[in-house]
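Count residues from 1 along the sequence.
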Amino acid sequence: MLKKVLWIALACAVLLAALAISRSINVTSDEPKTAPAPAPAAEDVAAPVVEQAPPPQPTAPPVQTPEDVQVQEDAAAVGLTTIEPEPAPETPPAETPPQ
């Protein structure tokens, strides 16, 4: 059993050494590597656009009352940080016409 483990470990070491050597060897060509020319940006290729409206400004969050802040702090202290959804109003089932 120990011999099998040692053979597997030796095979792994040989494989890792072969991979390390193959990564360090340049087998393609002696030409220096150059970066490909960048493609033109879509904005450069597209037709000029008429002046665009500025993006909408983000709205400020609503101001919380001191009571709301206190409720949130109390809930966080107890571990009740999730808000339960409000129950949907009950609607009577639609009446079916008699047959």
Side-chain angles (χ1 to χ4, degrees):
M1 179 74 179
L2 181 62
K3 285 186 178 183
K4 288 182 182 180
V5 172
L6 290 176
W7 278 110
I8 292 172
L10 179 66
C12 291
V14 169
L15 181 65
L16 288 174
L19 287 173
I21 291 170
S22 69
R23 301 258 318 177
S24 64
I25 295 175
N26 186 8
V27 293
T28 54
S29 65
D30 293 335
E31 296 176 15
K33 294 182 180 179
T34 58
E43 292 84 19
D44 296 340
V45 176
V49 179
V50 181
E51 204 172 303
Q52 295 180 355
Q57 297 294 329
T59 59
V63 179
Q64 295 181 344
T65 62
E67 291 139 359
D68 290 339
V69 173
Q70 184 65 41
V71 169
Q72 290 176 356
E73 288 176 357
D74 292 344
V78 179
L80 302 173
T81 55
T82 57
I83 299 173
E84 295 291 326
E86 295 182 15
E90 299 226 1
T91 57
E95 293 183 23
T96 57
Q99 293 181 357

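The CD1 atom of I8 sits 14.5 Å away from atom NZ of K3, with the distance rounded to the nearest 0.5 Å.
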Show me the side-chain donor-acceptor pairs of residues 57-64 shorter than 3.5 Å, one per line, residues at least two apart or across chains.
none

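Other cluster members for V5: none, since no ILVMFWY side-chain heavy atom sits under 4.5 Å from it.
Here E73 pairs with V69, Q70 under the side chain to side chain contact (heavy atoms under 4.5 Å, CB included) rule; sequence neighbours left out.
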